[in-house]
> 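Would you mind keeping the following structure in view while I ask a few things?
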Amino acid sequence: MHPSEHMEQLIIDRLYPILQKHGIRDGVRKYRAQKNFGDVTIDLQKVNEDVPAQEIEALSDDILTFKKTNKFINVTYGNNYYCTLILDSIDEGSLFTFERKEKRILVEHTSANPTGPLHIGRARNSIIGDTIARILRKYGFEVTTEYYMDDIGTQVEALLLGTEKFKDDNYTEAYRKYFAEIDSHREEVENAMKMAESGNEKFIAESKKRLEVFLYDLLKDLEDLNIFFDGFTWESRFILDGSVKVVLDNLKEHLKDDEGAKYIQRGEDKIYLMRSNGTSLYFTRDIAYHILKSRNYDLSIDVLGEDHKDHFKNLTYILGILGIHSTEAVFYSFVVTKKGKMSTRRGNVVTLRDLISESIELAEDEIRKRRTDLDEKTVGEIARKIGTAAVRYNMIKFAPEKPITFDWDEALNFEGEAAPFIMYSYARASSILKKASGSGTLNKQFLDREAELLKEISRFPEVVKDAAERRRPDRIAKYSYELSSTFNQFYRDCPVIGDIENYQKRVNITKAFKLTMDQIFDLLGIIPSDKI
RNA sequence: GGGCCCGUGGCCUAGUCUGGAUAAGGCACUGGCCUUCUAAGCCAGUGAGCCCGGGUUCAAAUCCCGGCGGGCCCGCCA
């Protein structure tokens, strides 16, 4: 049981018998208290009965203080009791561990066609997906991440043919050129697609080999952001293993015919599964993919742009017909620039690669401004950590459904709610611990400022739970800011080195903060630095 | 035209699921804090009643209905 749960149980044990004595059973609500109202609020506004204030307040002791105003009962935890509990839970490691869920989850994200470096809109997918995977893993699920690689569609055939035709250009440029004149290449693209669609193993193997080169280039940027995949699924496998046919067979009784093409009627909509020329659609292969997922995992989470909402709705509809209900999606809104939607034509595409290097460069400048004592190599290492962390943090701090208008100034603002802020407070803690030497006697009297920090630390389990269950990675970023901010206040008011009376206690608190931040950095995919 | 999402101080965001006590932060702005552990920090201040209009409720940023503004989708594309 985490410390906060323990305290809540104490409240229930002590308070609820009294409430029941007064006929109160339903309508009692309990939530985290607002600022200046203690730690937990028991709200009786929904119940008709009331309890005399004296009777409630008489329950108070050193562990719990009850105060009743109107129909609110505000409970404040005793600093010494609760703080000791929190520090103990960190010693045991129990604050950071969750019950194992015995449930396998597949998080599929990114899955972009590797026609060029990722732009920041696509990167939002990767960062959300990777962070959600990290959170769910921490929360106790068995999590696997996967990239779904298209190797048989129009785009990739154009990429393969284009890079052949314009050998001298870089591959993105070759693809662009080729796509610009796509009309004159209709036939060869269609031929290529037919080769793939017919299950020509040699052709597919060859495509795969060439696509891998482009894929690795794309993955390099993600590696910089500490994003790696557990596996890759190539779309062609659903042609090769015949599962597309199986899908159509299993849905046979629901299929309708449109001049040879097959579709399923869903309300007003027709969901096509086979073209009249007998070839399958991306959608059909996606069904096959999700059937495969449902066999190997208890839950599949797809990270998708909001443009895929209808596609996904149709997908779950058909999976439902097949009795599969273990598929859900996390949708995110697009990243646009001030000039509007990113498009190559308008020349306003911001690549992840550029953003990362700008961010690292700025971090380097900032470090040089403050630290003249560090050697080149160290400056570079720290700049790398800060720069990449800033990119991740700025993308993840917004709720996924929130549209983002990208702005260089904002993306490269290293003050306030940003990665350097949380990394800075961490470096401060590290610096204290580095200077702290020897141990002293532990003073178990906790001051409010110390307790505030520990209480913030003790929120870790419930924040992770909330972020995991609601698929809201931004909650972790928010929490990391609040926790760091609380530490900065502690840092101001509570000297560690030199205060003999409080030394050991504050060393322990500082360690606790640092350990909690280690957990958070891991969840956010940020690599911390002891000095910045 | 239909469907989905977003709309909170000058700008950006949390709170909306689970309705309740003075709407919480960041940026920007104003003033203050570096002879003690890193000032990418801290403290104080100015600034919104939550897009608009109805409704439900003792109580609405939060729930319901209708608008408005912005985004996305509405292929035998992926």
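Residue numbers begin at 1 in each chain, while the letters A, B, ... track the order of the sequences.
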> Checking base pairs now: Watson-Crick or wobble, both atom distances under 3.5 Å. What partners U16(B)?
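Partner of U16(B): none found under 3.5 Å.
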> Just checking, is any N or O donor in the side chain of Y282(A) or E235(A) under 3.5 Å from an acceptor N or O on the other one?
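No, because no side-chain N or O of Y282(A) sits under 3.5 Å from a partner of the opposite role on E235(A).
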> I want to check one thing: is the phosphate of A78(B), taken as OP1 and OP2, less than 4.0 Å away from some side-chain N or O of Q155(A)?
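Indeed not, no polar side-chain atom of Q155(A) lies that close.
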> Indicate the ring-plane relationship of F521(A) and Y426(A), choosing parallel, tilted or perpendicular according to the 30° and 60° boundaries.
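Because their plane-to-plane angle is over 60°, the rings of F521(A) and Y426(A) count as perpendicular.
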> What's the closest nucleotide to the side chain of T69(A) if the choices are A14(B), A21(B), C6(B)?
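Selected nucleotide (nearest to the side chain): A21(B).
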> Would you say the side chain of R492(A) and the base of G41(B) hold a donor-acceptor pair, judged only by whether the two atoms sit under 3.5 Å apart?
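It does not, because no donor-acceptor pair links the side chain of R492(A) to the base of G41(B) below 3.5 Å.
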> Quick one: is U16(B) close enough that its OP1 or OP2 comes under 4.0 Å of any side-chain N or O from R472(A)?
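No, no such contact exists.
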> Is there a donor N/O on one and an acceptor N/O on the other, under 3.5 Å, for the side chain of N413(A) and the base of A40(B)?
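A donor-acceptor contact between them is absent.
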> Counting only heavy atoms not in K465(A), do more than 12 sit closer than 6.0 Å to its NZ atom?
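Open: at most 12 neighbouring heavy atoms sit under 6.0 Å from NZ of K465(A).
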> Just compare C43(B), U22(B), A39(B) and give me whichever is closest to any side-chain atom of F37(A).
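Of all the options, the side chain of F37(A) is nearest to U22(B).
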> Within the modelled atom types, does a donor on one side and an acceptor on the other bring the side chain of S333(A) and the base of C6(B) under 3.5 Å apart?
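No, the side chain and the base share no sub-3.5 Å donor-acceptor pair.
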> Looking at the side chain of F421(A), which of U13(B), G41(B), C76(B) is the nearest nucleotide?
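From the listed options, G41(B) comes nearest.
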> D307(A) has a side chain; which of U13(B), C72(B), C4(B) sits nearest to it?
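Out of U13(B), C72(B), C4(B), the nucleotide with an atom closest to D307(A)'s side chain is C72(B).
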> Under 3.5 Å, is there a donor-acceptor pair between the T233(A) and E146(A) side chains?
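Per modelled atom types, T233(A) and E146(A) side chains form a pair under 3.5 Å.
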